[in-house]
Amino acid sequence: MDYNPWPDDFFTRPTLDIAPALLGALLVRETPAGRLTARIVETEAYLQHDPACHGVRARPDGELYHRQTGRNTTMFGPPGRAYVYFTYGNHFMLNVVTGEEGMPEAVLIRALEPLAGAATMALNRGLPISPALTNGPGKLTRALAIDRALDGHDLTQPPLQLFLTTPLPEHRIVRTPRIGISKAVECPWRFYEHGNAWVSRK
DNA sequence: ACTACGATCTACT
DNA sequence: GTAGATCGTAGTG
C-alpha cells in the first residue's frame with residue numbers, strides 16, 4: 001500500500017474549505033492492540049489572521065503578527081502533517097496542518113465516529129462503547145492513543161493516516177462558532193455533520 | 001524564577 | 001450548570 005490518500009492539490013485549498021471537506025474522512029491508527037479506524041465528524045479551522053490561532057499574537061495596539069514557538073512549530077511547516085499539542089494539564093489535541101508552508105493554519109479534529117476497533121478505544125478510555133469515547137478533541141486522542149510523539153507526523157504514513165472520502169453534501173454540514181476559545185469567539189469556523197450522534201455539542 | 005492561562009474533561013449539585 | 005483538576009507553554013522580570 002503506497003499511494004497518496006488525498007489529491008495533490010487538496011492542501012492548496014483555503015483552510016476554510018478544507019475544514020468542512022475533512023468531514024467524513026477516515027483516520028486510521030495502528031497500535032500494538034490493533035488497527036483503529038474512525039470517521040471525522042467535527043472540525044474547526046484556525047487561520048493565519050486569526051487571534052485564536054496558536055501561531056498568531058496580538059500587539060498591545062491590537063495588530064496581529066506570527067510567532068513560531070516550541071509548541072506551535074509544526075503549524076508553520078508543510079501541510080498534511082499532524083499538529084499535536086498538550087493542554088489543560090491532561091489533554092492532547094489533534095490538528096491537520098493546512099495552508100502554505102510558513103503560514104500557521106490548521107484544522108482541529110473535534111469528534112470522531114468509530115468504524116473499527118471500538119473495543120480497543122473503549123479500553124483506552126476506560127469506558128463502555130458510547131459516543132463519550134470520541135465526542136471531544138481530548139477524548140478522541142486518548143481513544144486513539146495519540147500524543148506528542150505524533151506531533152509533526154506525515155499523515156500519509158502509518159501509524160496514523162488520513163484518507164479522504166466523497167465529500168458530504170452541503171445540506172448535511174452545519175457551521176457554527178468555535179468552542180472553548182476566548183478570542184474571535186464569533187467567527188463561524190466550526191463544522192460538523194448534521195444529525196451525527198458522535199458530535200461534541202449541538 | 002515566577003506567573004497566568006489554556007482549541008478540556010469529569011464529577012458533583 | 002458549575003467548579004476543580006492538572007501541568008506545559010509562553011511571557012515577563
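The chains referred to below are lettered A, B, ... by the order of the sequence lines, with proteins before strands, and numbering in each begins at 1. The shown structure was predicted, so the numbers you read here are calculated from the model rather than taken from an experiment. All values below come from the heavy atoms of this structure, side chains included, with hydrogens, waters and symmetry mates left out.
- Backbone-only engagement by A:Arg125 is indicated by non-hydrogen atom pairs under 4.0 Å involving sugar-phosphate atoms exclusively.
- Residue A:Phe86 and nucleotide C:dG8 are not classified as a stacked aromatic pair, given the requirement of ring centres less than 5.5 Å apart at an interplanar angle below 30°.
- The distance from atom CZ of A:Phe92 to atom C1' of C:dT6 is 12 Å, rounded to the nearest whole Å.
- In this structure, CE in A:Met121 is found 7.0 Å from OG1 in A:Thr134, a value given to the nearest 0.5 Å.
- A:Leu36 and A:Leu133 fall within a single hydrophobic cluster, where Ile, Leu, Val, Met, Phe, Trp and Tyr are joined by side-chain heavy atoms under 4.5 Å apart, directly or via other members.
- Two rings, from A:His91 and A:Phe86, have their centers 6.0 Å or more apart.
- Counting any heavy atom pair closer than 4.0 Å across all strands shown, A:Arg190 reaches no nucleic acid atom.
- Listed by residue number, the members of residues 68-81 of chain A with any heavy atom below 4.0 angstrom from DNA chain B are A:Met75.
- Between the C1' atom of C:dA5 and the OH atom of A:Tyr88 lies a distance of 12 Å, rounded to the nearest Å.
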Q: Could you walk me through whether A:Ser200 and A:Asn135 pass the side-chain hydrogen bond (donor to acceptor under 3.5 Å, both in side chains) test, one step at a time?
A: CA-CA 4 Å; A:Ser200 70; A:Asn135 66 353; over 6 Å; no
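- Look at CZ on A:Phe191: it is 15 Å from C1' on B:dA7, rounded to the nearest Å.
- For the pair A:Arg59 and A:Tyr65, the cation sits on the ring face: its NZ or CZ lies under 6.0 Å from the ring centre, inside 45° of the axis.
- A side chain to side chain contact (heavy atoms under 4.5 Å, CB included) with A:Tyr192 is found for exactly one of A:Val41, A:Ile173, A:Ile40, A:Thr176, namely A:Thr176.
- When each of A:Leu112, A:Leu22, A:Leu115 is paired with A:Leu27, the side chain to side chain contact (heavy atoms under 4.5 Å, CB included) condition holds for A:Leu112 and for no other.
- A residue-by-residue look at A:Val107 and A:Leu127 shows that A:Val107 has its nearest nucleotide of DNA chain B further toward the 5' end.
- Between the C1' atom of B:dT8 and the CD atom of A:Glu44 lies a distance of 12 Å, rounded to the nearest Å.
- What separates CD1 of A:Ile109 from P of B:dT8 is a distance of 14 Å, to the nearest Å.
- At C:dG8, none of the side-chain N or O atoms of A:Thr87 fall inside 4.0 Å of OP1 or OP2 (strictly under the cut-off).
- Because its NZ or CZ atom is both nearer than 6.0 Å to the ring centre of A:Tyr85 and within 45° of the ring axis, A:Arg71 counts as a cation-pi partner of that residue.
- If you check every strand for non-hydrogen atoms under 4.0 Å, A:Arg148 touches sugar and phosphate atoms only.
- The CZ-P distance, from A:Arg57 to B:dC5, rounds to 15 Å in whole Å.
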Q: Could you summarise the pairing of DNA chain B as dot-bracket text, marking Watson-Crick and G-U pairs under 3.5 Å with ( ) or [ ] inside the strand and | across strands?
A: ||||||.|||||.
Q. Could you walk me through whether A:Arg178 and A:Glu44 pass the salt bridge (Lys or Arg N to Asp or Glu O under 4.0 Å) check?
A. CA-CA 7 Å; A:Arg178 297 172 294 183; A:Glu44 284 178 0; 5.3 Å; no
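- Here A:Arg142 does not reach the OP1 or OP2 of B:dT8: none of its side-chain N or O atoms lies under 4.0 Å away.
- Here B:dT10 presents its P atom at 9 Å from CG of A:Asn90, a figure rounded to the nearest Å.
- Between A:Gly89 and A:Arg67, the one whose closest nucleotide on DNA chain C sits nearer the 5' end is A:Gly89.
- Going from atom OH of A:Tyr65 over to atom P of C:dG11 covers 7 Å, rounded to whole Å.
- A salt bridge between A:Arg201 and A:Glu42 is absent, with no side-chain N of the basic residue lying under 4.0 Å from a carboxylate O of the acidic one.
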